[in-house]
Amino acid sequence: MDLVAEMGVKNGLVLWPLRTALSGQPSSPGGVYEIGKIVGKEESLKRIRVGINKLKTEA
């Protein structure tokens, strides 16, 4: 949330891509915090890295 405040943007601009990376879906019933807690820290980080790599290869 510090990044959101620093950037001066709405929460969704930062949290939506994270939720997508964690859930693997464009939308989900839970938020980024809930999904992160369910899958755990290591799996969350792994999924975020996969999402970043996908963005790099598609750009």
Side-chain angles (χ1 to χ4, degrees):
M1 296 310 298
D2 292 339
L3 178 62
V4 172
E6 182 181 313
M7 293 175 64
V9 298
K10 293 186 177 185
N11 294 351
L13 187 67
V14 175
L15 298 180
W16 182 77
L18 284 175
R19 187 178 68 197
T20 302
L22 293 179
S23 70
Q25 303 294 318
S27 62
S28 63
V32 70
Y33 297 113
E34 291 83 5
I35 297 169
K37 187 168 185 151
I38 290 168
V39 301
K41 180 180 179 178
E42 293 306 316
E43 182 65 19
S44 294
L45 292 172
K46 177 182 148 192
R47 292 179 184 195
I48 291 168
R49 286 185 199 103
V50 167
I52 290 170
N53 287 334
K54 284 184 178 185
L55 289 172
K56 287 180 179 178
T57 59
E58 291 180 17

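Heavy-atom basis, side chains included; hydrogens, waters and symmetry copies ignored.
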Practice task
Determine, step by step, whether Lys46 and Glu42 satisfy the salt bridge (Lys or Arg N to Asp or Glu O under 4.0 Å) criterion, reporting the C-alpha distance in whole Å, the side-chain angles of both residues, the deciding distance to 0.1 Å, and the verdict.
Solution key: CA-CA 6 Å; Lys46 177 182 148 192; Glu42 293 306 316; over 6 Å; no
Problem - Side-chain donor or acceptor of Trp16 paired with backbone N/O of Pro26 under 3.5 Å - result: yes
Exercise for the section: Could you check if a side-chain atom of Met1 sits within less than 4.5 angstrom of a side-chain atom of Asn11, using non-hydrogen atoms only? Expected result: yes
Problem - Gap between atom CZ of Arg47 and atom CD1 of Ile52 - 0.5 Å precision - result: 14.5 Å
Problem - Same apolar cluster: Leu15 and Leu45, side chain cutoff 4.5 Å - result: no
Fill in the blank from the handout: Heavy atoms of Ser28 and Ile35 approach each other most closely as OG-CD1, 3.4 Å
Practice task
Give the cluster check for Tyr33 versus Leu13: same hydrophobic cluster or not, with ILVMFWY residues linked at side-chain heavy-atom distances below 4.5 Å.
Solution key: yes
Exercise for the section: Give a yes or no on whether Leu18 and Leu55 share a hydrophobic cluster (residues Ile, Leu, Val, Met, Phe, Trp, Tyr; joining criterion: side-chain heavy atoms under 4.5 Å apart). Expected result: no
Practice task
To the nearest 0.5 angstrom, please state how far the CG atom of Leu22 sits from the CD atom of Glu34.
Solution key: 11.0 Å
Exercise for the section: Kindly give the heavy-atom pair with the smallest separation between Arg19 and Gly31, and that separation in Å. Expected result: CD-CA, 4.1 Å
Problem - Closest approach of Val39 to Ser44 (non-hydrogen atoms, all atoms of both residues) - result: CG2-OG, 3.2 Å
